[in-house]
Amino acid sequence: MSVDIKQLKSIIRKAGELIRNVRLSPEQINSKDNRLDFVTKFDVEVQNFLESRFLENWPDYLFIGEEQEEHKFGQKGFIVDPIDGTTNFILGIPHHCISVAVMEEGKIVQGVVYCPALDEMYWAAAGEGAYLNAERLQNPDLPFNETVCGIGSSPYNAGLREPTVNMISEIMKRSDIRCLGSSALDVCYVASGRQGGYFEYEISPWDIAAGMLIAREAGATVTTIDGKEPPLDRNLTILAAGPGIYSEFQEILGF
Ligand code: IPD
Ligand code: CA
C-alpha cells in the first residue's frame, strides 16, 4: 500500500511531541566515534516510535534510520533522521527537526521535515509542489547579494576543512554566510527562500533525502557539488540553490 501523506505527517507531528520542550541531562547524551557527533536518548526514542508506526501501517517498506547500527538500503523505504541538528538539540537551540523521505523505485516520492519548536512542517510530494504547513513554496531565485548562503557544520573529516574554507571564502565575496546546524532545514530554507543556497562537503542520505525533494518541488536545484544526482545509499556532497545562484556556483566550482 502506498504512503498516505496526511497520515505520514500526522505520525511525524506526534513524534515531534516527544522532543518539544525537552531538557536533557548529561546521562541522556552519548558521543559516537567522533567526539562532536552525538546521539541522545531522544534520537533513539523518536526513531523507534517512527519505525514502529511506519512498519505497522506500511509493512512492505524498508526502514532506514540514522541511529540503526547497520543501514540496509534498498529501492523502497523510509529514509529517516529522527533528529537532524542533534548538537543544537543538546544545546537547547530550537533549530532542529525530524526528517522523513519516502523512496519508491529508488526515487524520493514524498518528503516531510518537521521543526517541532516552531511547529513548521515542510513537505512535498513528487509532481505536486512543496509546502510550509499549508502555504505553497516557490524559491524566489534571488541573486547572491540579496540573500544569505547556508553552509554545513564544521566537517568531521579533517581533510574536508580546506575545501570548505575555500568555498566559504568564495561565497563571502558575493554574499553573507549562515551556519544553522541542521542540513535538512538548510535545504528546506532554500525551498522557502530564507536562504539563497546551501552546500556541504560530507553529509548522509538521511540528512537531505526529504529536503532535496522539497527544494526541487519549490523550483530550486539540488545536486552533488559536482553537478550529479545525489546518491541515496552512501555519504555525499550537496549543493542546493535557486537557479541563478546555482549557476554562479557552477562557475565557482567549474562544472
Ligand atoms: C548534522 C546536521 C549538520 C550537518 C552535519 C549533519 P545530525 O546532522 O545536519 O547541520 O552539518 O553534516 O551530520 O548529526 O544533527 O543528525
Ligand atoms: Ca540525526
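As the structure lists them, so they are numbered: ligands from 1, and atoms in each ligand from 1. Source: prediction; values computed, not measured.
- Distances below 4.0 Å separate heavy atoms of Asp81 from the following atoms of ligand 1: 16 (O).
- Tyr131 and Glu217 form no side-chain donor-acceptor contact under 3.5 Å, judged by distance and modelled atom types alone.
- Coordination check, Pro82 versus the Ca ion (ligand 2): failed, since every N/O/S atom of the residue sits at 3.0 Å or beyond.
- Listed here is the closest heavy atom pair of Cys97 and Pro116: CA-CD, 4.3 Å.
- When each atom of ligand 1 is checked for a heavy atom of Ile203 under 4.0 Å away, the hits are 12 (O).
- Heavy-atom contacts from other residues, nucleotides or ligands closer than 6.0 Å to CD of Glu162 number 12 or fewer.
- The protein atom (non-hydrogen) at minimum distance from atom 2 (C) of ligand 1 is Asp84 OD1, 3.5 Å.
- Per-residue contacts place Gly181 under 4.0 angstrom from the following atoms of ligand 1 (heavy atoms of the residue considered): 2 (C), 3 (C), 10 (O).
- Minimum heavy-atom separation, Ile5 to Ala124: CD1-O, 3.8 Å.
- Applying the 6.0 Å contact sphere to CG of Asn21 captures no more than 12 heavy atoms from other residues, nucleotides or ligands.
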Please walk me through it: do His95 and Tyr189 pass ring pair (Phe, Tyr, Trp, His ring centres under 6.0 Å)?
-> CA-CA 12 Å; His95 190 81; Tyr189 280 19; 5.4 Å; yes

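- An N or O contact shorter than 3.5 Å links Gly85 to ligand 1 by distance.
- Taken to the nearest 0.5 Å, the CG atom of Asp84 stands 7.0 Å off from the CG atom of Leu185.
- Near Ser182, meaning under 4.0 Å from any of its heavy atoms, are these atoms of ligand 1: 9 (O), 10 (O).
- Here the CD1-OG distance, from Ile98 to Ser182, works out to 11.0 Å after rounding to the nearest 0.5 Å.
- Within the structure, the closest approach of Ile83 to ligand 1 falls below 4.0 Å when heavy atoms are considered.
- Counting just the N/O/S atoms of Asp81, the one with the shortest distance to the Ca ion (ligand 2) is named OD1.
- Less than 4.0 angstrom separates some heavy atom of Glu200 from each of these atoms of ligand 1: 4 (C), 5 (C), 11 (O), 12 (O).
- Summary: OE1 is the N/O/S atom of Glu66 found nearest to the Ca ion (ligand 2).
- A salt bridge between Asp186 and Arg178 is absent, with no side-chain N of the basic residue lying under 4.0 Å from a carboxylate O of the acidic one.
- Annotation: Glu105, atom CD; neighbour count of heavy atoms from other residues, nucleotides and ligands within 6.0 Å does not exceed 12.
- Residue contact check: Thr86 has heavy atoms under 4.0 Å from atoms 15 (O) of ligand 1.
- Annotation: Gly152 places no N or O atom under 3.5 Å from an N or O atom of ligand 1; distance criterion only.
- Ligand 1 lies out of reach of His96, whose nearest heavy atom is not under 4.0 Å from it.
- Side chains of Thr86 and Asp43: a donor-acceptor N/O pair is present below 3.5 angstrom, by distance only.
- Closest to atom 13 (O) of ligand 1 among all protein heavy atoms lies Asp207 OD2, 3.8 Å.
- The shortest N/O to N/O separation between Ser153 and ligand 1 falls below 3.5 Å.
- Considering both main-chain and side-chain atoms, Asp186 never comes within under 3.5 Å of ligand 1 through any nitrogen or oxygen pair.
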